[in-house]
Structure formats: structure tokens, C-alpha cells
Enquirer: 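So that we are looking at the same thing, I have put the structure below in C-alpha cells.
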Amino acid sequence: MAHQAHAYHMVDPSPWPLTGALAALFTTFGLVFWFHYHMTILLIIGLTLMLLTMIQWWRDIVREGTFQGHHTPPVQKGLRYGMILFIISEVFFFSAFFWAFNHLSVTSLPLVGGCWPPMGLTVLDPMEVPLLNTAVLLSSGVTVTWAHHSLMEGERKQAIQSLALTIILGLYFTALQAMEYYDAPFTIADSVYGSTFFVTTGFHGLHVIIGSTFLAVCLLRQIQYHFTTEHHFGFEAAAWYWHFVDVVWLFLYVMIYWWGS
């Protein structure tokens with residue numbers, strides 16, 4: 001920072017955008033080969049390369065923000081805008097699935113028998129596992145808020161405990177959803193209802209896994225004294241993302257599990 005006369009971060013050349021793009025390419029083609037030819041080698045290579053890229057890219061960002069002082073107030077402001085725009089893009093992403101599901105449930109196309117859910121399809125009871133998952137995610141929203149306030153007030157022990165509890169609740173949600181998928185009386189191939197149900201809930205479940213990973217990284221950083229009461233945007237971004245996941249689930253529960261049933 002002593003060699004520049006401004007507070008902005010001029011990022012050094014990095015190989016990780018390239019390796020990340022290659023990992024996404026290998027993973028996509030790997031999924032195609034897995035689905036059609038039951039070949040997993042390309043998928044394994046893509047996922048391994050993606051995991052290594054994530055670890056090393058995050059390591060570099062942690063170094064830049066925590067030890068090298070590159071995350072100055074103007075840089076943090078840009079990161080905040082970037083995270084806000086990313087979450088807005090995710091809102092539109094899920095809006096497309098909700099629109100499709102609600103359109104089909106309201107119009108009841110003749111192709112699905114003129115009724116919704118389609119005739120002959122047994123749907124999940126919204127008062128059982130889905131309601132429990134709602135309680136779990138809402139509780140995790142409370143604990144992550146507790147962690148944020150503890151961090152701002154310098155209560156390190158409480159921040160660690162509440163953050164760990166949030167991660168446990170996220171993993172519990174994932175386990176419940178996996179059990180729900182395993183016991184579901186229909187599949188993704190059962191009409192457009194099965195397709196929209198599993199695609200929407202599956203992408204949300206993927207976001208829960210990503211958010212749990214995000215929070216787990218923040219927990220490790222908090223244990224290693226990376227965050228202060230004033231400098232903790234990494235955790236703040238994770239908390240924003242987690243609250244977004246909570247809100248999406250509320251819409252998902254009402255529209256798909258309750259209205260859709």
C-alpha cells in the first residue's frame with residue numbers, strides 16, 4: 001500500500017479465473033457424460049479443479065483483506081455493491097422458477113389433466129418435513145443475526161458459538177431435504193410438477209450448501225482472529241447471503257409446498 005497514492009486495490013495477475021472457468025467447463029461436460037454414458041472421470045476432474053481453485057482463490061482474498069491491508073473503505077464499498085448486485089441477480093434467478101410453477105398451478109394446462117397437482121400424483125404434506133425445515137431455517141436466521149451483533153460488540157466467544165450453531169442448522173436442513181427427496185412419492189420425471197418442484201427446491205438446497213460453506217469459512221476466520229468489530233465484511237456478505245436463502249425458502253414453502261399441494 002505504501003507504493004500507491006490511492007486507496008483502491010489494483011489486483012495482481014491471478015491464474016484462478018482461468019482455472020475456475022476450466023473447472024466449470026470440465027464439470028459441465030462431465031455431467032453430460034455422466035448422464036448419458038455413465039462416465040465420471042471428467043466430472044471428478046472438474047469438481048477437483050473447482051475445489052482447488054476455490055480454496056486457493058479464497059486464500060488469496062483473505063491474505064489481501066486481512067494481512068496486506070488492500071480492503072480499504074472504498075474497496076469494501078465496491079465489494080458491498082457487488083454483493084448486493086449478485087443477490088439481486090439471484091432474486092431474478094429464482095423468480096423464473098416461481099413464475100413457471102405459479103403459471104402452471106393457475107392455468108392448469110390440459111396437458112397435465114386440467115388440474116394442479118396433476119392427476120395421479122401424490123404430493124408432499126406441507127405440515128410435515130417442509131414445516132420443520134421452515135422452522136430450522138428461520139432459527140438459523142436468528143442465530144446468524146446473533147453472531148453478527150456479537151461480532152460488532154466484540155463478543156468473540158458468542159460470535160463463534162452462534163456461528164457454529166448456524167452452520168449446524170444449515171447442515172440439518174440439508175439432511176432433512178435429502179431425506180425428503182429419498183422418500184418423495186414422485187420424481188423429477190413425473191410431469192412438469194416434478195420438474196419444477198425438484199429444480200426449484202434443488203437449486204435452493206444447493207444455495208443452502210453454498211451458504212453453509214461460506215459461513216464455515218467465516219467461522220474458521222473468526223477462530224483465527226481475522227475479524228474485528230469494524231472490519232468483517234467477509235462475514236457480513238455471508239450473513240446477507242444466508243438471509244436471502246431464508247427469504248427464498250419462505251416464498252418456496254408458501255408457493256410450492258402449501259399452494260402447490
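Fair warning: this is a prediction, and the values are worked out from it, not measured in the lab.
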Enquirer: Give me the atom names and distance for the closest heavy-atom approach of L169 to V136.
Expert: O-CG1, 3.3 Å
Enquirer: Looking only at side chains, do Q158 and W146 share a donor and an acceptor under 3.5 Å apart?
Expert: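 Per modelled atom types, Q158 and W146 side chains form a pair under 3.5 Å.
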Enquirer: Would you check if M152 and T229 make a side-chain contact, meaning some heavy-atom pair closer than 4.5 Å?
Expert: no
Enquirer: With a cut-off of 6.0 Å (strictly less than), are more than 12 heavy atoms of other residues, nucleotides or ligands near CH2 of W34?
Expert: no
Enquirer: Decide yes or no for L124 and F186: does some side-chain heavy atom of the first lie under 4.5 Å from some side-chain heavy atom of the second?
Expert: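 Yes, side chains in contact.
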Enquirer: I would like to know whether W258 and Y253 meet ring-ring contact (aromatic ring centres under 6.0 Å, His included); could you show each step before the answer?
Expert: CA-CA 6 Å; W258 182 72; Y253 176 77; 8.4 Å; no
Enquirer: Given L252 and F98, is the side-chain contact (heavy atoms from CB on, under 4.5 Å) satisfied, shown in steps?
Expert: CA-CA 8 Å; L252 196 152; F98 289 138; 4.0 Å; yes
Enquirer: Mark yes or no for whether T19, through its side chain, and T53, through its backbone, hold a donor-acceptor pair below 3.5 Å.
Expert: no
Enquirer: Could you tell me if the side chain of V245 sits less than 4.5 Å from the side chain of H204, heavy atoms only?
Expert: yes
Enquirer: May I ask whether V91 and L206 are part of the same hydrophobic cluster, defined by side-chain heavy atoms of I, L, V, M, F, W, Y residues being less than 4.5 angstrom apart, directly or through others?
Expert: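 Result: yes, single cluster for both.
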Enquirer: Can you label the angle between the Y8 ring and the H6 ring as parallel, tilted or perpendicular, going by 30° and 60°?
Expert: tilted
Enquirer: Of all heavy-atom pairs between L151 and F227, which one has the smallest distance, and what is that distance?
Expert: CD1-CB, 3.9 Å
Enquirer: Is it the case that the side chains of R221 and T66 hold a donor-acceptor pair, with the cut-off being a distance below 3.5 Å and no angle test?
Expert: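 Yes.
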Enquirer: Considering all heavy atoms of both residues, which atom of G141 and which atom of D246 are nearest to each other, and what is their separation?
Expert: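 Smallest heavy-atom distance, with atoms named: CA-OD2, 3.2 Å.
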Enquirer: Does F26 share a hydrophobic cluster with F29, counting links as ILVMFWY side-chain heavy atoms below 4.5 Å and allowing steps through other members?
Expert: yes
Enquirer: Does CZ in F93 sit with more than 12 non-hydrogen atoms of other residues, nucleotides or ligands closer than 6.0 Å?
Expert: yes
Enquirer: Is the gap between the ring centers of H38 and F33 under 6.0 Å?
Expert: no
Enquirer: Less than 4.5 Å apart, any side-chain heavy atom of L132 and any of E128?
Expert: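 Not in contact.
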Enquirer: So with a 6.0 Å cut-off around CE of M127, is the heavy-atom count from everything else above 12?
Expert: yes
Enquirer: Using 0.5 Å steps for rounding, measure from the OG atom of S150 to the CZ atom of R156.
Expert: 12.5 Å
Enquirer: Tell me, with the steps shown, if F233 and H71 meet side-chain contact (heavy atoms from CB on, under 4.5 Å).
Expert: CA-CA 9 Å; F233 177 69; H71 288 185; over 6 Å; no
Enquirer: When the ring centroid of F92 is compared with that of W99, is the distance short of 6.0 Å?
Expert: no
Enquirer: Measuring from atom CZ of F198 to atom OG1 of T187, what distance do you get when rounded to the nearest 0.5 angstrom?
Expert: 6.5 Å
Enquirer: Evaluate W249 against Y257 for ring-ring contact (aromatic ring centres under 6.0 Å, His included), listing each step before the verdict.
Expert: CA-CA 10 Å; W249 174 260; Y257 285 100; 5.6 Å; yes
Enquirer: Ring centroid separation for F197 and F101, is it under 6.0 angstrom?
Expert: no
Enquirer: Using every non-hydrogen atom in the two residues, find where G234 and F214 come nearest and quote the distance to one decimal.
Expert: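 Minimum heavy-atom separation between G234 and F214: O-CE2, 3.8 Å.
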Enquirer: Please report the interatomic distance CZ(F173) to OG(S139), rounded to the nearest 0.5 Å.
Expert: 12.5 Å
Enquirer: Looking at A7 and P74, what are the two nearest heavy atoms and their distance?
Expert: CB-CG, 3.8 Å
Enquirer: Could you check if a side-chain atom of W240 sits within less than 4.5 angstrom of a side-chain atom of V144, using non-hydrogen atoms only?
Expert: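 W240 vs V144: side chains apart.
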Enquirer: Q76 versus H231: any side-chain heavy-atom pair under 4.5 Å?
Expert: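 Yes; the side chains approach each other to less than 4.5 Å.
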Enquirer: Answer yes or no: are there more than 12 heavy-atom neighbours, outside F251 itself, under 6.0 Å from its atom CZ?
Expert: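 No, not enclosed.
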Enquirer: Could you tell me the separation between the CD atom of E180 and the CG atom of N133, rounded to the nearest 0.5 Å?
Expert: 6.5 Å
Enquirer: Pairing donors with acceptors under 3.5 angstrom, does anything connect the side chains of W242 and S140?
Expert: yes
Enquirer: Apply side-chain contact (heavy atoms from CB on, under 4.5 Å) to Q177 and T201, showing your working.
Expert: CA-CA 9 Å; Q177 190 172 41; T201 59; 3.8 Å; yes
Enquirer: Answer yes if W57 and F235 sit in the same cluster of Ile, Leu, Val, Met, Phe, Trp and Tyr residues linked by side chain heavy atoms under 4.5 Å apart, and no otherwise.
Expert: no
Enquirer: Could you label the plane-to-plane angle of the Y241 and F244 rings as parallel, tilted or perpendicular, counting under 30° as parallel and over 60° as perpendicular?
Expert: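 Ring orientation of Y241 relative to F244: tilted.
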Enquirer: Whether the side chain of Q222 engages the backbone of C218 through a donor-acceptor N/O pair (distance < 3.5 Å, no angle test) should be reported.
Expert: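 Not confirmed, Q222 side chain does not pair with C218 backbone.
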Enquirer: Working to the nearest 0.5 angstrom, can you tell me the gap between S95 OG and E90 CD?
Expert: 10.5 Å
Enquirer: Within a strict 4.5 Å, meaning less than it, do heavy atoms of the L131 and P126 side chains meet?
Expert: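 With C-beta onward as the side chain, the pair stays apart.
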Enquirer: Quick one: are the ring centres of F203 and F97 less than 6.0 Å apart?
Expert: yes
Enquirer: Check the pair L51 / I55 against side-chain contact (heavy atoms from CB on, under 4.5 Å), numbers first and verdict last.
Expert: CA-CA 6 Å; L51 180 63; I55 292 172; 4.1 Å; yes
Enquirer: Report yes or no: does S105 contribute a side-chain atom to a donor-acceptor pair with the main-chain N or O of G260 at less than 3.5 Å?
Expert: no
Enquirer: So if you build clusters from Ile, Leu, Val, Met, Phe, Trp, Tyr with side-chain heavy-atom gaps below 4.5 Å, do L43 and I41 land together?
Expert: no
Enquirer: With the side chain counted from C-beta on, respond yes when H148 and H232 share a heavy-atom pair under 4.5 Å apart, and no when they do not.
Expert: yes
Enquirer: Return the minimal non-hydrogen interatomic distance between G46 and T27, and the atom names on each side.
Expert: C-OG1, 3.3 Å
Enquirer: CG of L171 to OG1 of T213: how many Å apart, nearest 0.5 Å?
Expert: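 These two atoms lie 8.5 Å from each other.
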Enquirer: State yes or no: do W16 and I61 share one hydrophobic cluster built from I, L, V, M, F, W and Y residues joined by side-chain heavy-atom distances below 4.5 Å, directly or via other members?
Expert: yes
Enquirer: Are a donor atom and an acceptor atom from the side chains of H149 and E155 found within less than 3.5 Å of each other?
Expert: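 The criterion, which ignores hydrogens and geometry beyond distance, is not satisfied for E155 and H149.
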